[in-house]
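Just below is one structure, and these are the notes that go with it.
The chain is numbered in sequence order, starting from 1. Order of listing sets the numbers, starting from 1, for every ligand and every atom in it. Just so we're clear, the structure is a prediction, and the values are computed from it rather than from any experiment.
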Amino acid sequence: MANNDTIQKTVTVTLLLCIACSIVVSASAVLLRPAQVANKQLDFNKNILAAAGEYKEGVPVSKQFSQVDVRIVDLRTGQFTDEFDPDTFDQRSASKDPQLSESLSKDEDIASIKRREDYAEIYLFKDEQGNLSKVVLPIRGYGLWSTLYGFLALESDLQTIVGISYYEHGETPGLGGEVDNPEWRAHWPGKQLYDASGKVALEVIKGQVYPGTPDAEYKIDGLSGATLTTKGIDNMIHFWLGEQGYGEFIQNLKAGDA
Ligand SMILES: Cc1cc2nc3c(=O)[nH]c(=O)nc-3n(C[C@H](O)[C@H](O)[C@H](O)COP(=O)(O)O)c2cc1C
C-alpha cells in the first residue's frame, strides 16, 4: 500500500486545498458583486427617503422610491439639466473627474472635499396635486476620521429643514458615529436654514440648544464628545447650502426659475 505520510503528498494536498478554496472565494466575490451593488443602491435610496421623513418600515424601498423624481442640477448655473441620465449619472465619480469638477481653493474648501463636481443629483418629492413638497440634496464633508456622505431634506419653502441622514462615514461609533442616532437626527426637523439676508444661518453648535437659547430655530445640538465631527457637519452644511453648493439652485427654485 502507498505511503500517504510523505512531504510530497502533504504539499500536494495543501496546494490543491488552497486552489480549491481560492476558486470558491473568488467565485463568491464575483457572483455576489451584483447583489452587493443592488443592496448599496437600496440603502442609498432608503437614506434619501429617511432624510425626507418618508421611509416606511416593511414597504419595499423600490416601491417607496418610485414616487421620487430624480433630477440633475448644474451647480455652476443653478439650473436643472438633461445633459446626463439620472439612471447612469455617478456623482461620486464626477467629483473626481477633472472634466466634471472644479478644484477648490483652501478658503473655499470649508468641507475639506478638495474638488466640487459641476453636476449634482437631487431628489424631488411631490404632493398628490403634483406640487413640490420636499427636496433632498446630497451633502458630504470631512469629520474627524472620514468623509461623511449624506442627505439634507428641505420643505418646499427651501428654508425649513425636514431631516438629515448619513449613508456612509467612518466616525467612531458612540462619538462621531452618533450622526446615525435617531435621537440626534430628531433635532433637525423644523430648523431654519437662511437668515433674512440669504446667508446660511443654520449652525451645529458645541453643546445643547435649550428652549430659551437665542435664535434656537437656527441651532442644532452638537454631538457630545465629538466636537470635530460636529464641526465637520456644520462646515458641510455651510458649504453645500452656500454659493459653492446649491445656493444658486435654491434661489432659482424659489423664484420658479430652475
Ligand atoms: C478612540 C477615540 C475616538 C474618537 N472619535 C471621535 C469622533 O468620531 N469624532 C470626534 O469629533 N471626536 C472623536 N474623538 C475625540 C477627539 O479626539 C477630540 O478629543 C474631541 O473631538 C475634542 O473635543 P470634545 O472632547 O470637546 O468633544 C475620539 C477620541 C478617541 C480617543
Task: Gap between atom OG1 of T230 and atom CD of E203 - 0.5 Å precision - done: 12.5 Å

Open item on the list: Applying side chain to side chain donor-acceptor pair (under 3.5 Å) to E171 and S146, what does each step give before you reach the verdict?
Closed with: CA-CA 6 Å; E171 303 301 284; S146 66; 2.6 Å; yes

Task: Rounded distance [0.5 Å steps], NZ in K134 versus CG in L49 - done: 10.0 Å

Open item on the list: With rounding to the nearest 0.5 angstrom, report the CG to CG distance, D74 to D118.
Closed with: 6.5 Å

Task: Option among Y119, W240, Y194, F151 that satisfies the ring pair (Phe, Tyr, Trp, His ring centres under 6.0 Å) test with Y246 - done: W240

TODO: Kindly indicate whether a cation-pi arrangement holds for R140 with F239, taking the cut-offs as under 6.0 Å to the six-membered ring centre and within 45° of the axis.
DONE: no

Task: Sorted by chain and number, the residues that approach ligand 1 to under 4.0 Å with a heavy atom - done: L144, W145, E171, T172, L175, G176, K206, G225, A226, T227, L228, T229

